[in-house]
Student: 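Structure provided below as structure tokens; questions to follow.
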Protein chains: 2
Amino acid sequence: MRSEDIAKLAGVSRSTVSRVLNNYPDIPQRTRDKVLKIIEEYNYEPNTSARVLAGKSTNTIGFFVVSLDDQDNMNRIYQNSYFAPFVDAIIDTANAAGYYVLVHTVYTREDFIKVKQAFQQKRIDGGIVVGTRKDIGMVREISQLDMPFVLIDYDISEIIENHLDKKHLAVINSMDYEGAYDAMSHLIDLGHSKIAFIGDGTSNTFSGAQRFEAYRTALMEHGLPLNETFILKGDFLKKSAYREVLKLLDQAELPTAIFSANDDMALGALEAFKERGIRVPEDISIVGFDDVPVAAQLNPSLSSVRLPIYDMSQAAVHKIIEMCQQGTSSFSTTSFPTKLIARESSKSTNAR
Amino acid sequence: MRSEDIAKLAGVSRSTVSRVLNNYPDIPQRTRDKVLKIIEEYNYEPNTSARVLAGKSTNTIGFFVVSLDDQDNMNRIYQNSYFAPFVDAIIDTANAAGYYVLVHTVYTREDFIKVKQAFQQKRIDGGIVVGTRKDIGMVREISQLDMPFVLIDYDISEIIENHLDKKHLAVINSMDYEGAYDAMSHLIDLGHSKIAFIGDGTSNTFSGAQRFEAYRTALMEHGLPLNETFILKGDFLKKSAYREVLKLLDQAELPTAIFSANDDMALGALEAFKERGIRVPEDISIVGFDDVPVAAQLNPSLSSVRLPIYDMSQAAVHKIIEMCQQGTSSFSTTSFPTKLIARESSKSTNAR
DNA sequence: ATGAAAGCGCTAACAT
DNA sequence: ATGTTAGCGCTTTCAT
């Protein structure tokens, strides 16, 4: 069934059908109804490719999850505690706004070609990118595509320093620095002065670097010493944190609290504590970051900093739709606040 | 940049460029190289809409997550412990096979229109549907679209009974009956004879019904009585299970074990136990279903039945691609085995 | 082996 | 207010 068929059946021309379809104003209600009736009756839907080819937009946005680390197939699937809620929230928001979403994962630089192709082949109107370890090279390539793009969790200063063409770019961030500072203040308020940090890893991820930065600053501003042995490496995965914490526990001087740059690593720490018979929060307090669903389920429940994932996703979708529709040339930045959720895993030092 | 531009630059015609692009055999290496060089040089990518309009396939599959229950916006996002891994696995598999994936959620019958439209507008070559409470009406409409479709977790007998047009249909299931039977056998082998069940809800979901069926049969085949008060209603959400288990605990006769039709409800049960000071597994054993990530993290860790989500996702993607490419008319069914993961929450009655 | 030309289904400028 | 027509960028049959 093509528009021409509908036209014949309604006794009008293809243009009129097209006008009805696209809500042109200069068309009388009588004609409109007549055409709509036939369209309804025959369940006609215009061919998207033809529309797009004739100059309409695709009504589709691309959502790209970049995770250059997770090469291992098994790890990809279940360990994306950070990405999964974004996928959900973005699809929901876009769908509710009448947009389709093309989701693509990027695990290698090869995969990244697919992102560019999605644009160049005109499959999507605009794109949203979320992910750790995206390098500036990718962002540069993206900006050169000259199509609307929203970056979630990206260091703005990097974009500015590199003089990227920001005409069609927007950035949505969470206030990780503030959130991490809150977590540290919380621990310090509880009387902790020897606070370790897990997650001083490859700070290729913007939010990760922010969290570490806040750790250092919070200590400093409260006149607390920065003990190098209390700074544990961590790649944001559970396993490495588990190992590093075990190493820490072998040392002479132990911290009374740990701030972990994400919950997955906090889980690794908890496992190490359990193995060594160290009680939480009696012997040591711990605060994580991300507030993954399991945090509330644990026993003791894990204090954590909640990310505004839903707000960020909504903002990203609305921003990209706005950019696609208005074709505006602008560069914008929005950051959403995090929220400390204090639970059982962090207690006052006096309470012991 | 269009194919005509490439043609001019390479000194050939558009047809030749197209032939190179589509790997036609009757084209000499010299010409091919010449054209490819220009394509490379100018970073040319053919316009997808034009290709599709001219008869090519979209290279895109649709993935539709149907969840007619979750009307509440908040619940959608974080409670999809069942769907999230499917989304991940399906996108990964399809991407690895060179396909794009259009993901769409369906929360209402209104939303379902979008599924049909995605097909009728020729946005996708085929689709995969997963979800609870999809009714036969939807499946009928889908089958009438006459396009390749894979249903994940669907009752085959319902399709057959309703005489659906199965020409372009395939079904991928998990062996929930066997998995649930394994869980029951496990508990019975541990010496339990008074075993309760959570999740006798709206059995609109195929796998849910299977799990209950296995519970009854396992009791029967082991000569154990079916105590009606041990059968708790449950809508597969944590909250309702929590309430039902509290009610159960008020009764005179208590079970020594519980089999929960999914892990979320098992979590609710654990909360109720904790509240009443009932120890797991000392006072009561519990086995869940789905093996969500948190199951292994809990203390005590939760015994559960693992779903072959990755196998199912792979099979679904490969099946839909096969159907799209070969255009075969067939109806096929594949089921993958589940696996009981016995952990700390289920212990022998003798060990007390 | 390659070019010319028709056609895929739609939109929009132009004409009336 | 509506019909006519020229594309949109590609594939493919038909010629050569």
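Since we're looking at a predicted model, the values are computed, not measured. Chain A is the first sequence line, chain B the second, and so forth, proteins listed ahead of strands; every chain is numbered from 1. Note: hydrogens, waters and symmetry copies are ignored here, and every other heavy atom, side chains too, is used.
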Student: So, A:F64 versus A:F112, ring centres under 6.0 angstrom or not?
Tutor: no

Student: Nearest whole angstrom, please: distance from the P of C:dC10 to the CG of A:N23.
Tutor: 16 Å

Student: Using 0.5 Å steps for rounding, measure from the CZ atom of B:R123 to the OG atom of B:S49.
Tutor: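 That separation rounds to 9.5 Å.
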
Student: B:R32: what forms a side chain to side chain donor-acceptor pair (under 3.5 Å) with it, not counting sequence neighbours?
Tutor: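 For B:R32, no residue satisfies side chain to side chain donor-acceptor pair (under 3.5 Å) once neighbours in sequence are set aside.
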
Student: So how far off straight is the helix from C:dA1-D:dT16 to C:dT16-D:dA1, going by the axes through five pairs at either end, to 10°?
Tutor: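 The angle separating the two end axes equals 40°.
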
Student: Checking all strands, does B:V12 fall into the base, sugar-phosphate, or nothing category for heavy-atom contacts under 4.0 angstrom?
Tutor: sugar-phosphate

Student: Which of these nucleotides, C:dA13, C:dT11, C:dC8, is closest to any side-chain atom of B:L53?
Tutor: C:dC8

Student: Between which nucleotides of DNA chain D, read 5' to 3', does contact with chain B run, using atoms under 4.0 Å from its heavy atoms?
Tutor: D:dG9 to D:dC14

Student: Taking B:Q144's backbone N and O only, do any of them form a donor-acceptor pair with B:D165's side chain (distance below 3.5 Å, no angle check)?
Tutor: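 Absent.
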
Student: Which nucleotide in the set C:dC10, C:dG9, C:dT2 lies at the smallest distance from any side-chain heavy atom of A:R14?
Tutor: C:dC10

Student: By the 4.0 Å heavy-atom rule, please label B:S18 as base, sugar-phosphate, or nothing.
Tutor: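 Since a base atom lies under 4.0 Å of B:S18, the category is base.
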
Student: Just by distance, with hydrogens left out, do A:S332 and A:K319 show a side-chain donor and acceptor under 3.5 Å apart?
Tutor: yes

Student: For A:E110, check side chain to side chain contact (heavy atoms under 4.5 Å, CB included) against everything at least two apart and list the hits.
Tutor: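 Listed in chain order: A:T108.
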
Student: Check DNA chain C against residues 24-50 of chain B and give the residues with a non-hydrogen atom under 4.0 Å, in numerical order.
Tutor: B:D26, B:I27, B:P28, B:T31

Student: Figure out the NZ/P separation between B:K8 and C:dA4, and round it to whole Å.
Tutor: 12 Å

Student: Do A:Y107 and B:D92 have side-chain atoms, one donor and one acceptor, less than 3.5 Å apart?
Tutor: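 A pair is found: one side chain offers a donor N or O, the other an acceptor, under 3.5 Å apart.
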
Student: Among all residues two or more places apart in sequence or in another chain, which pass the side chain to side chain contact (heavy atoms under 4.5 Å, CB included) test with A:Q120?
Tutor: A:K116, A:L145, B:N43, B:E45

Student: Applying a 4.0 Å non-hydrogen cut-off, can you work out what A:S15 is touching in the nucleic acid: base, sugar-phosphate, or nothing?
Tutor: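 The residue A:S15 makes base contact.
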
Student: Under 6.0 Å between ring centres, would you say that holds for A:F63 and A:H104?
Tutor: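 A:F63 vs A:H104: aromatic centres not under 6.0 Å.
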
Student: Can you tell me which residue among A:I309, A:I128, A:V171 is in a side-chain contact (heavy atoms from CB on, under 4.5 Å) with A:I152?
Tutor: A:I128

Student: Measure from CD on A:E4 to P on C:dT11 and round the result to the nearest Å.
Tutor: 13 Å

Student: What is the distance from CZ of A:R19 to P of C:dA13, rounded to the nearest Å?
Tutor: 11 Å

Student: Do B:K122 and B:T58 pair up side chain to side chain, a donor and an acceptor below 3.5 Å, judged on atom types alone?
Tutor: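 On atom types as modelled, these side chains do not qualify, holding no pair under 3.5 Å.
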
